[in-house]
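Both ligands and their constituent atoms are indexed starting at 1 by order of listing. Keep in mind that the numbers below use all heavy atoms, side chains included, and drop hydrogens, waters and symmetry copies.
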Amino acid sequence: MKRPPADPFETVDVERLRAGHGVKWGSLRSDTIGAWVADMDFGVPPAVREGLLRVTEREDFGYPYWPGEDPVVEAFEERMAARHGWRPEPGLARVFTDLLQILQVMVEYATEPGDGVAIHVPAYPPFLASIARAGRRIVPLPMTRGETGWGFAAAGLTGRLREQGCRMLVVVNPQNPTGRVFTPAELASLAEAAEELDLVVLADEIHADLVYAPHRHVPFASLGTVAARTVTATSATKAFNIAGLRCAVAHVGHGRMRDALDRAPLDLFGTPSVLSRVATVAAWRRSDAWLAALTRTLERNRDLVEKWAADLPWEARYHSPQGTYLGWLDFTGSPAGAAAPAEHLERLARVKLSDGAEFARHTAVDTAAFARLNFATSTSNLLEILDRVTTALA
Ligand SMILES: Cc1ncc(COP(=O)(O)O)c(C=O)c1O
């Protein structure tokens with residue numbers, strides 16, 4: 001009898017991961033489990049693998065050429081409409097290598113040194129570093145914990161951003177690291193402030209395909225007139241596990257930004273490779289069954305982490321993410337102490353989490369007692385991670 005194919009999410013080949021070029025495992029001691037950087041321990045969808053192999057077999061590594069519209073742009077436009085109910089305006093999307101580059105380009109073209117750039121904090125650390133390095137002021141919109149989970153103060157938002165001289169707003173939704181999927185009302189409060197203050201908005205929606213029911217991703221540019229001041233940035237890299245390939249899309253709804261980009265020298269930004277484009281198109285067009293199975297595994301893991309956190313001997317006040325495969329853990333009351341729990345756990349538990357302090361660097365927000373857990377791994381590996389952490393802190 002033919003056996004059904006093995007569940008690609010049930011086992012993780014740690015030897016394959018350690019032998020590869022990925023920083024998540026490659027940079028660690030051989031006794032340490034990687035649960036930090038936002039790559040998944042799984043493989044890629046079959047269509048992505050086949051597409052990459054076909055290019056390789058053809059030895060098709062010359063400079064890219066497409067006879068018509070860039071297929072990545074077409075796949076992006078189709079996907080946004082089909083999956084997220086947002087119809088991007090044709091002709092406004094362009095490809096970049098990555099989202100960090102899109103942020104950097106926007107900071108450069110939409111703001112001046114000394115201007116304020118608002119962003120929810122804790123935030124993806126390279127964004128904070130990049131804004132600070134460009135000499136702009138980070139204006140934190142602190143994520144705070146209420147009874148029902150993480151949120152931010154929408155009341156008085158416009159006044160606060162005006163006082164702090166904001167020119168640009170970064171809306172990362174789903175939010176990294178809290179995993180919040182913002183509601184239409186929350187997004188509307190941000191849109192209102194942006195309109196009132198004439199802000200340029202970067203809507204980073206890189207985790208949009210990783211949202212758990214009943215939560216639903218609402219593209220910022222689908223909210224109405226705010227689309228004309230929004231650059232939506234996304235890629236297939238998080239949901240389909242191809243971050244190392246480097247391909248992203250920016251839908252530039254903002255006219256002045258578009259003009260600035262059109263005037264910029266063509267060769268300033270570089271171009272994504274053929275491999276990354278082929279993989280992105282295969283992911284967005286032919287990998288939804290894989291994504292559905294992945295989401296079921298991630299959801300199970302998410303629930304496991306929630307149960308584990310509820311049983312911890314200190315009050316972790318943990319809120320499960322509504323999207324992403326990232327858990328934002330508070331070690332304040334734990335024996336790991338209120339500072340650098342990730343470092344402590346790497347030493348004592350041989351588990352590498354992401355250091356919480358990094359997610360608020362260059363701001364006055366204090367996240368030193370936090371660490372971020374990446375639970376995109378097999379259930380057995382996750383159980384080992386959680387067990388090691390509990391044992392180290394017993
Ligand atoms: C919210 C967010 N934005 C951007 C990125 C990075 O994207 P890229 O590798 O395309 O720069 C990440 C990576 O984890 C992320 O979580």
Side-chain angles (χ1 to χ4, degrees), residues 21-24 34-41 44 72 76 93-108 117-131 133-134 138 140-141 143 150 168-182 201-211 217 219-220 231-251 269-273 275-277 279-280 283-284 298 321-328 352-356 358-361 367 371-376:
H21 295 292
V23 68
K24 185 181 179 193
W36 60 306
V37 128
D39 282 315
M40 299 193 277
D41 291 344
V44 297
V72 171
F76 160 80
R94 39 200 296 167
V95 295
F96 285 84
T97 55
D98 53 78
L99 270 79
L100 187 54
Q101 185 194 39
I102 298 169
L103 169 93
Q104 188 62 57
V105 165
M106 283 189 65
V107 164
E108 213 50 51
V117 178
I119 183 168
H120 292 101
V121 175
Y124 175 60
F127 276 12
L128 298 177
S130 185
I131 297 167
R133 240 188 345 252
I138 297 165
L141 304 174
M143 293 296 289
W150 291 97
M168 177 171 156
L169 168 67
V170 181
V171 181
V172 177
N173 180 41
Q175 212 264 339
N176 172 7
T178 63
R180 270 303 316 283
V181 173
F182 293 130
V201 180
L202 170 61
D204 171 343
E205 303 186 353
I206 195 171
H207 295 280
D209 281 350
L210 295 168
V211 168
H217 174 72
F220 198 74
V231 175
T232 301
T234 195
S235 70
T237 58
K238 294 294 141 188
F240 300 96
N241 209 21
I242 50 174
L245 286 174
R246 322 309 283 148
C247 180
V249 175
H251 177 269
F269 305 125
T271 52
S273 66
L275 284 168
S276 73
R277 292 182 200 218
T280 298
W284 276 343
L298 294 180
Q322 301 169 340
T324 79
Y325 45 73
L326 309 166
W328 186 231
K352 185 163 174 72
L353 307 178
S354 298
D355 171 30
E358 291 290 322
F359 291 77
R361 191 77 73 216
T367 52
R372 192 190 71 178
L373 165 74
N374 175 343
F375 57 76

*Polar proximity ligand 1 side, Thr237 side, N/O cut 3.5 Å exclusive*: no
Using a plain distance cutoff, I'd like to know if His207 has any nitrogen or oxygen under 3.5 Å from a nitrogen or oxygen of ligand 1. yes
- Start with the C-alpha distance between Met143 and Thr367, add both sets of side-chain angles, then the distance that settles side-chain contact (heavy atoms from CB on, under 4.5 Å), and finish with yes or no. CA-CA 11 Å; Met143 293 296 289; Thr367 52; over 6 Å; no
Counting from 1 in the order shown, the ligand 1 atoms closer than 4.0 Å to a non-hydrogen atom of Val172 are 1 (C)
Do Pro174 and Gln322 touch side chain to side chain, with heavy atoms closer than 4.5 Å? no
min-distance protein heavy atom vs atom 8 (P) of ligand 1 -> Leu99 N, 3.5 Å
Leu100 heavy atoms within 4.0 Å reach ligand 1 at atoms 11 (O)
Looking only at protein heavy atoms, what sits closest to atom 6 (C) of ligand 1 is Tyr124 OH, 3.2 Å
For atom 9 (O) of ligand 1, the closest protein heavy atom turns out to be Arg246 NH1, 3.3 Å
With heavy atoms and a 4.0 Å threshold, my read on which part of Gln101 contacts ligand 1 is neither
If we number the atoms of ligand 1 from 1 as shown, the ones under 4.0 Å from a heavy atom of Phe127 are 3 (N), 4 (C)
Short version for Ala248: what comes under 4.0 Å of ligand 1, heavy atoms counted, is neither
The test is side-chain contact (heavy atoms from CB on, under 4.5 Å); show your working for Tyr124 and Leu103 and say whether it passes.
CA-CA 12 Å; Tyr124 175 60; Leu103 169 93; over 6 Å; no
ask   = Should Asn374 and Tyr325 count as side-chain neighbours, where that means a heavy-atom distance under 4.5 Å?
value = yes
Check: Taking the side chain from Thr234 and the backbone from Glu205, do they hold a donor-acceptor pair closer than 3.5 Å?
Finding: yes
Between the main-chain N or O of Pro272 and the side-chain N or O of Arg277, is there a donor-acceptor pair closer than 3.5 Å?
yes
**Asked** Is there a side-chain contact between Leu100 and Ser130 (heavy atoms, below 4.5 Å)?
**Response** yes
The atoms of ligand 1 lying under 4.0 Å from a heavy atom of Ile206, numbered in the order shown, are 1 (C), 2 (C), 3 (N), 5 (C), 7 (O), 15 (C)
Any heavy atom of Asn176 under 4.0 Å from ligand 1? The part involved is side chain
Between Asn173 (side chain only) and Phe182 (backbone N and O only), is there a donor and an acceptor less than 3.5 Å apart? yes
Looking only at protein heavy atoms, what sits closest to atom 4 (C) of ligand 1 is Asp204 OD2, 3.5 Å
**Prompt:** Would one find an N or O of Ala38, backbone or side chain, under 3.5 Å from an N or O of ligand 1?
**Reply:** no
Of all heavy-atom pairs linking Thr324 and Gly179, the shortest is OG1-CA, 3.9 Å
closest protein heavy atom to atom 14 (O) of ligand 1 is Lys238 NZ, 3.0 Å
Tell me, do Asp41 and Lys24 make a side-chain contact under 4.5 Å, heavy atoms counted?
yes
